[in-house]
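Input: a single structure, listed below in structure tokens.
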Amino acid sequence: MVDPNPRVAGCGLGELQSAGIRIVVGEHEAAARRLNEVFVTYITRRRPFVIVKYAMSLDGKIATPSGASRGLTGQAWQHELHVLRRQMDAILVGVNTVLADDPLLTARLAGDNVRQPLRVVLDSTLRSPLTARMLADTTPGVTMVVTTGRHDPQKAAALRDLGAQVIVLGDTRVDVRALVAMLGEHEVSSLLVEGGGEVIASFVEAGLVDKVIAVIAPVLIGGRTAPTPVAGAGVDDLAQALRLRDVELRRVGDDIVLTGYLCLAAKG
Ligand SMILES: NC(=O)c1ccc[n+]([C@@H]2O[C@H](COP(=O)([O-])OP(=O)(O)OC[C@H]3O[C@@H](n4cnc5c(N)ncnc54)[C@H](OP(=O)(O)O)[C@@H]3O)[C@@H](O)[C@H]2O)c1
């Protein structure tokens, strides 16, 4: 495939050709684009490639009715998740996930100097506890708390004292479109949205999801009030439901991993 970077604009091809190297363009182009999906999105749209990832039980719950979600998936997927996080420039959750799980949001892999993605938390009024593990000195990487005009400036100062970046984007809730554009301006080329359901719904509704990774654990949770992967208003008519394309399934340990792409991101 031709490099979509306008600054390159075929110059690489020309240079190789002038050095006498035979070039074939377009062979397996779809596969080449898939291999370069992050770069192609970033370079052509100046925004990160957005992956939504969630783990759910076989009955479609991402946590128990009381909000517990740890230990849903097996070790083999947990390892893959940390490899995936390491490849990402940023990972994002909502404040309810911080409150429910107190996650570290790091890439935990063997070896020193593991590249850590930027941690991004959507938190309209700064409910994130100052004692959150992701803010601890001992947790590697940088945390960005994205808030709104409704936040308490004293809490923002306390978070900054702990080393967090505090960014204001939006009046009532964090404006995810503005956030994604801002991340693109700061050269964040890939963003992993890890939940929960409210945050995933905002990205879906804004047409900002490029790829979905759904991990299905062979576990039944039950409970009418247990959260599900995509909250928000949903659609009334099945014809309006979003359908993934290029769906692939694989088994990882006892879990099933389904990946697919959303066409709506073309509007994002
Ligand atoms: N199994 C999994 O893969 C997985 C992954 C993550 C979480 N979880 C579970 O999911 C549950 C939490 O999910 P949740 O849906 O209640 O909450 P969430 O998505 O983690 O957080 C939602 C909150 O983020 C804040 N927010 C700010 N701007 C937002 C925006 N533009 N869009 C959406 N939210 C915005 C809002 O609170 P403010 O108005 O206060 O800002 C909102 O209530 C927990 O039980 C957790 O364990 C499971």
Side-chain angles (χ1 to χ4, degrees), residues 50-74 77-78 80-82 84-85 91-106 119-129 132-134 144-152 155-156 159 166-183 191-209 212-221 223-234 252 255-259 268:
V50 177
I51 303 176
V52 157
K53 182 246 51 161
Y54 57 82
M56 69 175 193
S57 61
L58 198 53
D59 55 334
K61 318 288 189 189
I62 59 167
T64 65
S66 64
S69 67
R70 273 174 197 277
L72 186 55
T73 50
W77 167 254
Q78 285 301 312
E80 278 204 23
L81 170 61
H82 289 286
L84 176 66
R85 280 182 179 172
I91 57 181
L92 180 148
V93 296
V95 63
N96 290 353
T97 296
V98 173
L99 292 166
D101 301 348
D102 194 11
L104 281 169
L105 298 174
T106 50
R119 288 182 285 278
V120 183
V121 179
L122 305 192
D123 185 355
S124 318
T125 58
L126 299 183
R127 291 189 289 138
S128 294
R133 295 195 304 158
M134 65 181 183
M144 175 190 283
V145 183
V146 190
T147 190
T148 66
R150 297 195 291 138
H151 77 274
D152 166 10
K155 183 76 179 276
L159 286 164
V166 181
I167 310 278
V168 182
L169 282 179
D171 301 325
T172 48
R173 270 200 164 183
V174 174
D175 179 340
V176 288
R177 281 178 184 270
L179 170 63
V180 162
M182 186 271 287
L183 291 174
L191 174 66
L192 184 66
V193 176
E194 293 211 28
E198 290 292 342
V199 158
I200 293 177
S202 286
F203 275 81
V204 169
E205 285 163 10
L208 284 170
V209 181
V212 176
I213 303 178
V215 186
I216 304 155
V219 175
L220 298 173
I221 293 179
R224 278 184 205 91
T225 57
T228 57
V230 188
V252 178
D255 301 319
I256 305 289
V257 179
L258 184 151
T259 56

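Both counts, for ligands and for their atoms, begin at 1 and track the order of listing.
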* To do: State the CG-CD1 distance between L105 and I91, to the nearest 0.5 angstrom.
  => 4.5 Å

* For atom 27 (C) of ligand 1, state which one of A226, G195, S124 supplies the nearest heavy atom. => S124

* How far is atom 25 (C) of ligand 1 from its nearest protein heavy atom, and which residue and atom name does that atom have? -> L122 O, 3.6 Å

* To do: Return the residue, atom name and 0.1 Å-rounded distance of the protein heavy atom closest to atom 7 (C) of ligand 1.
  => T97 OG1, 3.1 Å

* Asked: What residue and atom, counting heavy atoms only, is the protein's closest point to atom 48 (C) of ligand 1, and at what distance?
  -> I62 O, 3.4 Å

* How close do T73 and Q78 get, heavy atom to heavy atom, and via which atoms? -> OG1-NE2, 2.7 Å

* Against heavy atoms of E198, which atoms of ligand 1 measure under 4.0 Å? -> 15 (O), 19 (O), 22 (C), 33 (C)

* Asked: Could a heavy atom of V93 be found less than 4.0 Å from some atom of ligand 1?
  -> no

* So, S124 side chain and R173 main chain: donor-acceptor pair closer than 3.5 Å or not? -> no

* For ligand 1, which atoms, with element, lie under 4.0 Å from some heavy atom of A63? -> 45 (O)

* Among R127, R177, E205, which residue places a heavy atom closest to atom 37 (O) of ligand 1? -> R127

* Is there a nitrogen or oxygen of V199 sitting under 3.5 Å from a nitrogen or oxygen of ligand 1? -> yes

* Asked: Which residue holds the protein heavy atom closest to atom 28 (N) of ligand 1, what is that atom called, and what is the gap in Å?
  -> V174 N, 3.2 Å

* Residue pair S69 / D101: nearest heavy atoms and the distance that separates them -> OG-OD2, 3.2 Å

* **Under 3.5 Å side-chain donor-acceptor pair for S128 and D123** => yes

* Nearest to atom 34 (N) of ligand 1 by heavy atom, R70, M56, R173: which? -> R173

* Please report the shortest heavy-atom distance between L72 and A217, naming the atom on each side. => O-CB, 3.3 Å

* Structure fact -> Note: R85 and T106 closest approach over all heavy atoms is NH1-O, 2.7 Å

* Asked: Which protein heavy atom lies closest to atom 18 (P) of ligand 1, and at what distance to 0.1 Å?
  -> G196 N, 3.5 Å

* **N/O donor-acceptor pair under 3.5 Å between K61 side chain and I221 backbone** => no

* To do: Select the closest option to atom 17 (O) of ligand 1 among V230, L169, N96, judged by heavy-atom distance.
  => N96

* Distance from I216 atom CD1 to D255 atom CG, nearest 0.5 Å? -> 9.5 Å

* Asked: What are the two closest heavy atoms between P103 and M134, and how far apart are they?
  -> O-CB, 3.7 Å

* Structure fact -> Taking every heavy atom of R127 against every heavy atom of N96, the minimum-distance pair comes out as NH2-OD1, 2.8 Å

* With heavy atoms under 4.0 Å as the rule, classify the contact between D101 and ligand 1 as side chain, backbone, both or neither. => side chain

* **Subset of ligand 1 atoms that lie under 4.0 Å from at least one heavy atom of G94** => 18 (P), 20 (O), 21 (O), 24 (O)

* Which bit of R150 is near ligand 1, meaning a heavy atom under 4.0 Å away: side chain, backbone, both or neither? -> side chain

* Please identify which atoms of ligand 1 are closer than 4.0 Å to at least one heavy atom of D123. => 41 (O)

* For G67, atoms of ligand 1 separated by under 4.0 Å from a heavy atom -> 44 (C), 45 (O), 47 (O)

* Asked: From L183 CG over to I167 CD1, what is the distance, rounded to the nearest 0.5 angstrom?
  -> 9.0 Å

* Residue selection (non-hydrogen contact nearest atom 32 (N) of ligand 1) among A55, S202, A100 -> S202

* Asked: Considering only heavy atoms of Y54, which atoms of ligand 1 have at least one such atom less than 4.0 Å away?
  -> 3 (O)

* **Mode of E194 contact toward ligand 1 - side chain, backbone, both, neither (heavy atoms, under 4.0 Å)** => backbone

* Say whether, by atom type as modelled, one donor and one acceptor occur between the side chain of R133 and the main chain of D102 under 3.5 angstrom. => yes

